[in-house]
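Let me begin by presenting the structure, written as structure tokens, before commenting on it.
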Amino acid sequence: MAPDSWLTAFENTQILAQEIAEKIHERNRFLRNGENPLKINVTLRSLMQNLHGKIEQLRDSLLRSISTRQITQYDGDQRQSLLDELLTKERQLQTAFKSDGTEPDIVRSSLLAGSAGNGSRRNPWVMEEPEETRGLAIGELQQHQHRIIAEQDAGLDALSSIIARQKQMGHDIGNELEGQNEIIDDLTNLVENTDVKIRNQTRHVKLVDKKSGSCAMLVVIVLLLISIVVVAVWPSK
């Protein structure tokens, strides 16, 4: 006999829900240890959307089977009961996912519903309690939670101080760069002014040199003329 496709899809959805429960437990352990759960949260959001879509598909398939009388009323009621349990577990997982993770996993006991009658079969909804909180009384659990919160607050304060120092360092570096830019601008202006003066002095020297050459030539011509005159006059005496 071929397996029932609806029950197969239902079991696959249960497996997905189990995976989500384990991921939430891992996310909460990250939070309690002060680690960043960003990557796990991204995965959890995707898995939760996938779970919701699979449950909607189960619901639609069941409605079609009932309306077309592909299954008996008894089977329809049984499957509706299974679907209701799955919807309840989805809500519990959503609540657990939205929690801050500093409290003991609240879904650990609430997800036990429906596990009776499975014998020794492992309940996929059980979220194991961390070893550090096992055997602790309510008051001790509260103290443990307060200690974790205090450690996280201290870590956030230290991170805030580091960010503040880096911000001040960035501000100081910005001021230093601004001062260096002003010095560079002043040097640029000084170099440009000096270059202009050098070009002006060069033109002046060339002009003086040209005038000096003209004057020397004039003196030579005058002396030559005087010599000619003297030579011309000298025999007549």
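The figures that follow rest on heavy atoms only: side chains count, while hydrogens, waters and symmetry mates do not.
- The shortest heavy-atom contact between E90 and M48 is O-CE, 4.3 Å.
- Judged by distance alone, the side chains of Q18 and Q14 never bring a donor and an acceptor atom under 3.5 Å apart.
- Proximity of E192 to N189: side-chain heavy atoms (C-beta onward) are separated by under 4.5 Å at one or more points.
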* To do: Test side-chain contact (heavy atoms from CB on, under 4.5 Å) on D60 and Q57 and set out the steps.
  => CA-CA 5 Å; D60 294 340; Q57 290 176 3; 5.8 Å; no
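- In this structure, E182 CD and L187 CG are separated by 12.0 Å, a value rounded to the nearest 0.5 Å.
- The backbone N or O of L38 lies less than 3.5 Å from a partner atom in the side chain of N36, making a donor-acceptor pair.
- For the pair Q92/K89, a side-chain contact is recorded, criterion being any heavy-atom separation below 4.5 Å from C-beta on.
- Checked by atom type and distance alone, the side chain of D75 never pairs as donor or acceptor with a backbone atom of I71 at under 3.5 Å.
- Side-chain N or O atoms of R27 include none that pairs as donor or acceptor with a backbone N or O of N41 at under 3.5 Å.
- Hydrophobic clustering, with ILVMFWY side chains joined whenever heavy atoms are under 4.5 angstrom apart, keeps L63 apart from L86.
- Although no hydrogens or angles enter the test, the distance criterion places no donor-acceptor pair under 3.5 Å between the side chain of N50 and the main chain of S46.
- Note that the OG1 atom of T43 and the CD atom of E26 stand 9.0 Å from one another [nearest 0.5 Å].
- Distance check, rounded to the nearest 0.5 Å: CD1 of I20 to CG of L51 gives 4.5 Å.
- Side chains of T88 and E85 form no contact here, defined as non-hydrogen atoms less than 4.5 Å apart.
- Neither side chain, D185 nor T188, offers a donor N or O lying under 3.5 Å from an acceptor on the other.
- If you take CG on L93 and NE2 on H52, they are separated by 13.5 Å, rounding to the nearest 0.5 Å.
- Although no hydrogens or angles enter the test, the distance criterion places no donor-acceptor pair under 3.5 Å between the side chain of S61 and the main chain of L58.
- Cluster membership for W6 and L87, using ILVMFWY side-chain heavy atoms within less than 4.5 angstrom, is shared.
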* To do: Any chance you could lay out the side-chain contact (heavy atoms from CB on, under 4.5 Å) test for N12 and L16, step after step, and finish with the verdict?
  => CA-CA 6 Å; N12 291 336; L16 175 60; over 6 Å; no
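- To the nearest 0.5 angstrom, K39 atom NZ is 9.5 Å from F30 atom CZ.
- We find the CG-CD1 distance between D77 and I66 to be 7.0 Å, quoted to the nearest 0.5 Å.
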* Kindly determine whether Q80 and L83 satisfy side-chain contact (heavy atoms from CB on, under 4.5 Å), including the steps that lead there. => CA-CA 5 Å; Q80 183 62 53; L83 185 59; 4.2 Å; yes
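- Here the closest heavy-atom approach between residue L82 and residue F10 is recorded as O-CE1, 3.5 Å.
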